[in-house]
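Have a look at the structure below, then the notes.
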Amino acid sequence: MADPLTNWAWPVRRGWFVRGEVPGPDVDEFAEADQVIAALARPGAAEGTLLAVQHPNQTPAALPLAEALPAARRTLDHLRDTAYEQADDVIAAYRVTGPDGTALGVLCLIDPAAVDANGMARVRHSEQVYPEVVEERAAVLAGLGTATSAAMLLPVAEGASLTDLIRATITGIGAPAVSTTDSSGRRHDLWPIGPGNIQDTLLAAVQRHPLLVADGNHRVAAASHLPSLLALVTAGPDLHVGAIDRTLHDTGRTLPDLRAAWHRIGLRTRAPEPPRPGTVLVETPAGAISVDLPAPDPGEPQPRIDHGVVETLLVQTALGIDPEGPHLRPLTAGRTPAPGYDAILRIAPVPFADVLRVHEQGRRMPRKSTYFTPKPRSGLFLADLTT
């Protein structure tokens, strides 16, 4: 492992770039476990696809994770032999462009345990996590020994300089070695860069400032006991912070039930309107209302993140529902909730300035409260984490 005080980003010693399209369904399309299960139940999806490798215990065989991992490793070995090209001691310049903006970044390995001379983490989590998700992700990473997707990390300062450097680099190289378009219409381009001055310059720029986790808090936490983490370090230039809502499932609560419960704890409801900070739009199959959140308490840290208030006040206090249990699920804006939902709690997107302020204060955002896009596509680059 590199000295975390001086060198905490390095090339992928053994990696594989996809030759054409990522094998199988678009692995980034499915956010919920039931969506993954349904996708893997389609004919042929559970055999020879990257989605089955990433979620081996969600295939129709439904084996416990420890029993499913050996078959997943064999599938991954086959995919590397048939759909990927090996490249050693490389990083990659990366560009993703789509309807939600453009991001230029560097794909490389990062030491997730790196600290500076003052003991401060070089890689800083931005959100709280679900412990059970971290445990499962850690088991899959350790069992495969290979990263199939990259966390997205943002430098806390001088982001424009990094973006300019990457733009100049890819202009000088020419055509990308990998170019593909995902199911959402985003184009992803990669330029592998081997040892030499260009690689050294990009890695030095990546390490110039601490990195904030924009996407992949669970992956970063899962890699905490591994030698390295596959990451895309990017500052945009056009990153967008989208909303992540909440859905209530299998609670039996109707719209009148919800309204009455929230009135009992002193909340005001009114005619529905799009959510803005301090309000929640509640949509049910029978209708919709808006809920006004209470003003922050004196001395409460600012900015207040509405997702935390929704989970603790509207869900736990008013409804008696455990926010970490099966009845409350995150829902990325624009995606369809699972069938049979009782209500969607729509929450305004968190401004990026608020994310940075929370980080500067040493706090963490509530889990699943930000959705940064555009993000790296899973499966374009695989990285061996054992060397």
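Since this is a predicted model, take the numbers as computed values, not measurements. Values reported hereafter were calculated over all heavy atoms of this structure, with side chains retained and with hydrogens, waters and symmetry mates removed. Residues: numbered from 1 along the sequence shown.
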Rounding to 0.5 Å, atoms CG (Leu281) and OG1 (Thr279) come to a distance of 8.0 Å

Taken to the nearest 0.5 Å, the spacing of Asp100 CG from Asp238 CG works out to 9.5 Å

Looking at [X] and [Y], does any basic side-chain N land under 4.0 Å from a carboxylate oxygen?
X	Y	result
Glu21	Arg377	yes
Asp89	Arg14	no
Glu360	Arg363	no

Would you mind reporting whether [Y] and [X] have side-chain heavy atoms less than 4.5 Å apart?
X	Y	value
Leu313	Trp262	no
Asp384	Arg13	no
Leu248	Tyr341	no
Arg259	Arg264	no
Trp10	Asp111	yes
Arg364	His125	yes
Val106	Leu232	no
Ile110	Val123	yes

Does the [X] side chain pair with the main chain of [Y], one donor and one acceptor, at a distance under 3.5 Å?
X	Y	result
Arg124	Ala121	yes
Thr284	Gly287	yes
Thr102	Gly98	no
Thr317	Thr312	yes
Gln86	Gly15	no

Check the pair Val115 / Met120 against side-chain contact (heavy atoms from CB on, under 4.5 Å), numbers first and verdict last. CA-CA 5 Å; Val115 296; Met120 296 292 292; over 6 Å; no

Check: Does atom CD of Glu273 have more than 12 heavy-atom neighbours from other groups under 6.0 Å away?
Finding: yes

Hits for side chain to side chain contact (heavy atoms under 4.5 Å, CB included) against Asp189, two or more places apart or cross-chain, chain-then-number order -> Arg95, Pro176, Ser179, Arg187, Trp191

Sequence neighbours excluded, the answer for side chain to side chain contact (heavy atoms under 4.5 Å, CB included) partners of Pro23 is Leu79, Ala83, Tyr84

(request) Check the pair His359, Ser126 against side-chain hydrogen bond (donor to acceptor under 3.5 Å, both in side chains), reporting the backbone distance first and the verdict last. (result) CA-CA 6 Å; His359 164 70; Ser126 59; over 6 Å; no

Starting from [Y], can I reach [X] by hopping between I/L/V/M/F/W/Y residues whose side chains sit under 4.5 Å apart?
X	Y	answer
Ile344	Ile289	no
Ile244	Val309	no
Leu382	Val96	yes

Show me the pairs that pass salt bridge (charged side-chain N to carboxylate O under 4.0 Å, His left out) and involve [range], at least two apart or across chains.
range	value
residues 206-217	Asp215-Arg219, Asp215-Lys375
residues 56-76	none
residues 248-257	none
residues 142-165	Asp164-Arg167

Side-chain donor-acceptor distances from residues 129-146 under 3.5 Å, at least two apart:
unit_1	atom_1	unit_2	atom_2	d
Glu136	OE1	Asn57	ND2	3.4
Thr146	OG1	Arg80	NH1	3.0
Thr146	OG1	Leu144	O	3.4

Sequence neighbours excluded, the answer for ring-ring contact (aromatic ring centres under 6.0 Å, His included) partners of His307 is none

Hits for ring-ring contact (aromatic ring centres under 6.0 Å, His included) against Phe381, two or more places apart or cross-chain, chain-then-number order -> Phe17

Members sharing Phe372's hydrophobic cluster, built from side-chain contacts under 4.5 Å between Ile, Leu, Val, Met, Phe, Trp and Tyr, are Met152, Leu154, Val156, Leu212, Leu239, Val241, Ile305, Val350, Phe352, Val355, Leu356, Val358, Met365

The single option from Leu190, Thr180, Val178 that satisfies side chain to side chain contact (heavy atoms under 4.5 Å, CB included) with Val18 is Val178

- [ ] Assess whether side-chain contact (heavy atoms from CB on, under 4.5 Å) is satisfied between Asp116 and Arg122, documenting all intermediate values.
- [x] CA-CA 6 Å; Asp116 62 19; Arg122 300 283 194 178; 3.6 Å; yes

Hits for salt bridge (charged side-chain N to carboxylate O under 4.0 Å, His left out) against Glu283, two or more places apart or cross-chain, chain-then-number order -> Arg346

Residues at least two apart in sequence or cross-chain that pass salt bridge (charged side-chain N to carboxylate O under 4.0 Å, His left out) with Arg268, listed by chain then number, are Asp292

Of all heavy-atom pairs linking Ser369 and Pro366, the shortest is OG-O, 2.7 Å

In short, Thr234 meets Pro155 closest at the heavy-atom pair O-CD, 3.3 Å

Can you confirm whether the side chains of [X] and [Y] place a donor and an acceptor under 3.5 Å from each other?
X	Y	value
Asp342	His249	no
Gln199	Asn197	no
Gln54	Thr148	yes

Are Glu127 and Thr370 close enough, and set up right, to give a side-chain contact (heavy atoms from CB on, under 4.5 Å), and what steps lead you there? CA-CA 9 Å; Glu127 291 184 354; Thr370 56; 2.6 Å; yes

Applying side-chain contact (heavy atoms from CB on, under 4.5 Å), run through Thr247 and His327 and close with a yes or a no.
CA-CA 8 Å; Thr247 56; His327 299 298; over 6 Å; no

message: Does Arg246 form a salt bridge (Lys or Arg N to Asp or Glu O under 4.0 Å) with Glu311? I'd like the steps, not just the answer.
response: CA-CA 9 Å; Arg246 298 293 187 266; Glu311 289 198 353; 2.9 Å; yes

